[in-house]
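Read through the structure below, which is laid out as structure tokens, and then see the notes.
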Amino acid sequence: MTKRLLFLISQLKRLAEVSNAENVTIELEREGSPIRVMPFKPARRLKEKPSREEEAEASLAEWQASRAKSS
């Protein structure tokens, strides 16, 4: 005998749509089991700032390239 589902898949999908649209967390409890549906937020990837040495090397390479073109 299989255990009865706490929530139907269609209910969870509907809650996920509302959660994403309204940017809120929805929490339900049934038979003592809490279920939370949270909006999906992709991880932010910050572009790392180059070090001073990397900036210096890049600007030196640009300068050398511009000097080579003008010669």
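Remember, predicted model here, so these are calculated numbers, not experimental data.
- Counting heavy atoms from C-beta on, the side chains of Ser10 and Lys13 never come closer than 4.5 Å.
- Remark: side-chain polar atoms of Asn20 are paired, donor with acceptor, to backbone N or O of Phe40 under 3.5 angstrom.
- Linking Ile, Leu, Val, Met, Phe, Trp and Tyr whenever their side-chain heavy atoms come within less than 4.5 Å puts Val37 and Leu28 in one cluster.
- The only option from Glu54, Arg52, Lys47 that meets the side chain to side chain contact (heavy atoms under 4.5 Å, CB included) definition with Pro50 turns out to be Glu54.
- Distance check: Glu17 CD to Leu12 CG gives 11.5 Å after rounding to the nearest 0.5 Å.
- Rounding to the nearest 0.5 Å gives a distance of 5.5 Å between CD1 of Ile35 and CZ of Phe7.
- Within the 4.5 Å cutoff, no side-chain heavy atoms of Leu60 are placed close to those of Glu57.
- Within 6.0 Å of the CD atom in Glu22, the count of heavy atoms belonging to other residues, nucleotides or ligands does not exceed 12.
- No donor-acceptor distance shorter than 3.5 angstrom exists from the side chain of Gln64 to the backbone of Ala61, with no hydrogens or angles considered.
- Residues meeting the side chain to side chain contact (heavy atoms under 4.5 Å, CB included) test with Glu62, sequence neighbours left out: none.
- With a 4.5 Å cut-off on side-chain heavy atoms, Pro39 and Thr25 count as touching.
- Within the 3.5 Å criterion, the main-chain N or O of Leu15 finds no donor-acceptor partner in the side chain of Ser19.
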